[in-house]
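One structure is given here, and the rest of the page talks about it.
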Amino acid sequence: MTDSTVLKLNGLSKQFGPVVANDDVSLTLNRGEVLALLGENGAGKTTLMNMLFGHYLPDSGTIEVADTAGQLQPLPLGHPQLALAAGVGMVHQHFTLAENISALDNITLGSEPLFSLRRNRRAARRRVEEIIAQSGLNAPLDTPVGRLSVGERQRVEILKALYRQARILVLDEPTAVLTPQEADTLFENIRMMTNDGLSVIFISHKLREVLAFSDRIAVLRHGRKVGEMATSEADETSIARMMVGAETPELASAAMTPGAPVLTMSDVSVAGRSKRDTLNGVNLTVHAHEILGIAGVSGNGQSGLADVISGLAHPEQGLIKVNEVEIDTLSPAAMVQAGVGRIPEDRHREGIVGAMSVAENMIIERLDDGGVQSRGLLRREAMQANAERLAQAYDVRGPGVNAPARLLSGGNIQKLILARVFDRAPQLILANQPTRGLDMGAAAEVGRRLLEARERGAGVVLVSEDLDEILGLADRIMVIRDGELHQTPGRDREQIGLMMAGEPA
Amino acid sequence: MMDILNILLSESFWAASLRIATPLIFGVLGALICERAGVLNLGIEGIFVVGAMCGWMAVWLGAGLWGGVLVAALAGAFFGLLHAILTVPLGLSQHVSGLGITLFATSVSYYTYRTALPNVSSPPRIEPFQPLDLPILSDLPFLGSVLFQQTALTWLALLLVAVVWYVMNRTALGVAIQAVGDNPDSVDAQGLSVYALRMGAVAVGSALMALGGAFLTMSAFDAFFFGMVNGRGWVCIALVIFASWRPGKALLGALLFGAFDALQVRLQTEIGALVPGQVFLMAPYILSIIALVIAARSADYPRALLTPWFKGQR
């Protein structure tokens with residue numbers, strides 16, 4: 001590892017309308033170094049990287065990239081093609097892979113002449129295999145990408161960048177979709193590659209992996225760089241403080257004695273269209289004063305479980321009781337009636353109606369309530385007052401309660417949903433990936449509200465792919481895999497990770 | 001039953017099937033290229049009309065037959081490009097734009113025809129493509145006389161099936177077109193232009209559609225009539241789903257449709273006294289709907305079909 005600089009960002013600024021996404025950000029990256037870019041959602045990390053990659057044109061500032069001889073050269077801005085050519089590769093959070101063509105085709109796409117009648121597949125394959133051997137990034141090359149696992153797809157993404165001779169690799173939240181074991185393998189591979197001279201910037205929310213795998217940490221807040229330090233000198237509290245600008249309160253979760261069961265599922269099976277919404281003989285009980293955490297790799301039946309609890313699925317068999325009353329016909333309305341509050345996984349699509357106002361979205365689950373309507377007509381003042389009260393209490397910020405809900409940011413949409421759900425004081429709360437994509441402040445708020453509900457006597461089913469979140473909140477943890485629920489013997493991270501990946505515990 | 005068997009074994013029946021299938025082969029291949037790139041082109045019906053009119057008129061004005069084919073293809077590409085501009089960089093609804101193109105292209109063709117020939121009751125005729133006598137192939141028993149009766153345009157259609165298959169599956173361009181129809185971001189991230197790929201595919205696909213129309217006036221008949229395209233474009237839109245966006249199956253689908261159509265004409269003369277003629281006319285369409293219902297359930301749609309893509313939005 002040498003100390004020669006391979007990348008310099010000098011005073012980059014970018015404004016979208018009135019919103020300042022980046023303000024005078026400067027960064028340097030050294031050869032063979034892993035730089036972690038930390039920051040809350042909307043802190044400007046992705047915008048910064050998109051400027052580096054030429055997707056956005058900065059309002060001011062310059063970028064310099066080292067050429068093959070190690071000399072820093074100015075990079076023309078706003079040209080992805082030139083960034084690629086200069087050796088900058090980017091792996092986006094949402095994979096940019098075509099699923100109907102093979103991994104090899106995805107890797108070579110765009111690097112061979114389009115209007116040639118013959119392709120030199122053999123040479124391309126040999127090069128890709130060489131890269132695989134050097135980096136340890138294994139993936140089947142001839143299978144259509146649609147049939148690869150998420151981990152394999154991510155490796156194909158990285159191979160794509162390396163095939164383009166990337167010397168600087170940007171990874172946008174690379175572990176968001178991986179099991180802990182897959183994530184560890186990824187970081188091992190990254191280590192192998194940095195030893196060969198590759199430089200890596202990775203964007204992450206997860207403090208644990210940032211501390212474990214980076215050499216240096218840069219923190220962004222509100223579009224500005226607020227701190228930079230060697231990882232060896234950093235600790236969780238100090239980075240978290242830098243990110244949110246204040247001490248993040250520790251979640252107090254004193255043990256509580258579970259009360260009566262609020263949800264019982266006995267031998268519930270759902271034949272879904274795919275693995276993600278299939279359940280096989282699920283048994284679970286959630287008590288009052290209890291948070292049950294459901295850990296698992298995405299697509300293992302979480303959607304099926306959530307659909308049953310929110311009344312959307314139609315189980316082939318099994319018994320479901322809410323508050324010890326059997327529910328014979330599942331429907332979303334029946335579940336809401338029975339006292340279930342839902343925080344859906346896809347908050348944009350299932351949580352709100354984007355075209356309707358914030359105020360309307362806040363009453364959407366209680367339209368039969370005399371408080372907001374009389375004889376079928378909405379009572380607009382009551383609705384308005386209700387919305388203003390909730391917006392205040394749950395800190396929903398945005399262009400006002402009469403603006404369309406889609407104009408809110410992700411975190412504020414989630415606060416809107418929290419307000420709607422918790423205001424009804426439900427006995428059972430289904431929280432499906434409640435903090436996915438939220439910044440630390442908003443995520444902490446979600447956790448606080450869930451604990452508050454538990455205190456009040458509600459039962460909570462917390463479905464999450466973020467093990468840290470489950471370990472931090474849940475009284476009891478189960479693992480979902482292939483549509484089956486397994487009780488975990490303890491709270492051991494390693495063991496739960498292995499169970500998620502399908503190893504015998 | 002014997003009658004049907006006799007029909008199915010006759011050379012003329014298969015020759016007719018292939019003839020009827022030819023414009024559909026052009027059309028399905030054209031639609032396939034557009035949709036593989038992620039753009040539904042409902043302008044196909046109108047582009048057929050444009051191809052039929054332009055090809056014929058070019059020849060009538062003195063161009064050679066292949067000159068007419070070229071004019072038809074260019075005219076098709078022009079209307080395809082119009083559709084592409086509206087739906088790709090501007091991202092308008094592909095349904096609305098496509099239907100608009102059909103109305104526009106059809107009207108422009110009729111208008112041009114009427115302006116050029118204001119006072120004729122029957123359209124002037126041209127000397128169309130003649131059956132191609134290929135030395136060895138034509139001497140083959142059965143197959144020889146089926147193929148012997150076909151013109152150069154039918155041969156071109158069959159050749160294009162192979163060309164489109166090769167380009168789609170064996171060249172970098174074809175892979176890029178498949179990728180842009182599945183996930184445009186994948187193409188953009190690798191530095192290729194989503195717009196250029198999609199617009200190019202729509203223009204080329206539309207040129208092929210226009211060849212289907214040109215076949216009608218320059219090979220199947222020798223003049224241009226109003227209403228002569230008669231829904232062939234819509235049939236192609238159905239066939240491309242039946243074909244799961246694969247050139248080989250597209251050929252098969254077009255041939256099946258051609259065979260049904262040829263069969264109904266012959267059945268009509270055989271047992272037309274018992275059943276109203278309209279039933280026979282309906283038969284190919286009903287059968288293609290049934291085939292579509294069966295095939296479409298498992299169809300592997302290009303994932304980005306109908307979805308506009310805008311640079312810098314992800």
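Chain letters run A, B, ... following the sequence lines, proteins first and then strands; every chain starts at 1.
Taking all atoms of both residues into account, the shortest heavy-atom contact from B:A172 to A:P113 is CB-O, 3.6 Å.
Looking only at side-chain heavy atoms (C-beta outward), A:L114 and B:L197 come within less than 4.5 Å of each other.
Rounding to the nearest 0.5 angstrom, the gap separating the CG atom in B:D188 from the NE2 atom in A:H92 is 8.0 Å. Separation of atoms CD (B:Q190) and CG (A:L84) is listed at 7.0 Å; rounding is to 0.5 Å. The CG atom of B:N183 sits 11.5 Å away from atom CZ of A:F95, with the distance rounded to the nearest 0.5 Å.
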Inset, instruction - Before giving the answer on side-chain contact (heavy atoms from CB on, under 4.5 Å), spell out for A:R119 and B:V175 the whole-Å C-alpha distance, their side-chain angles and the decisive distance to 0.1 Å. - result: CA-CA 11 Å; A:R119 313 171 66 189; B:V175 168; 3.4 Å; yes
Inset, instruction - Go through the steps to decide whether B:V187 and A:L109 satisfy the test side-chain contact (heavy atoms from CB on, under 4.5 Å), and finish with yes or no. - result: CA-CA 7 Å; B:V187 170; A:L109 190 67; 4.1 Å; yes
Counting only pairs under 3.5 Å, give me each side-chain donor-acceptor contact of residues 25-40 of chain B, with atom names and distances, residues two or more places apart or in other chains.
from, atom 1, to, atom 2, distance (Å)
B:E35, OE1, B:W245, NE1, 2.8
B:R36, NE, B:W245, O, 3.2
B:R36, NH2, B:W245, O, 3.2

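Contact annotation for B:V180: neither backbone nor side-chain heavy atoms come within less than 4.5 Å of a heavy atom of chain A. For a residue to count as touching a neighbouring chain, one of its non-hydrogen atoms must lie under 4.5 Å from one of that chain's; by this rule A:L97 touches chain B with the backbone only. Contacts between A:R164 and chain B at a heavy-atom distance below 4.5 Å involve the side chain alone, from C-beta outward. For chain B, the nearby part of A:I107 is the backbone; its heavy atoms alone come within less than 4.5 Å. Only the side chain of A:F53 comes within less than 4.5 Å of a heavy atom of chain B; its backbone N, CA, C and O stay farther away.
For the pair B:D185 (side chain) and A:T96 (backbone), a donor-acceptor distance under 3.5 Å is absent. With hydrogens and angles disregarded, a donor-acceptor distance shorter than 3.5 Å links the side chain of A:N100 to the backbone of B:Q178.
For B:F78, there are no ring-ring contact (aromatic ring centres under 6.0 Å, His included) partners two or more places apart in sequence or in a different chain.
With respect to chain B, the highest number of heavy-atom pairs below 4.5 Å among A:M90, A:E112, A:K160 belongs to A:K160.
Residues of residues 148-155 of chain A never come closer than 4.5 Å to chain B when only heavy atoms are counted. Within residues 159-170 of chain B, the residues approaching chain A closer than 4.5 Å by heavy atoms are, in numerical order, B:Y166, B:R170.
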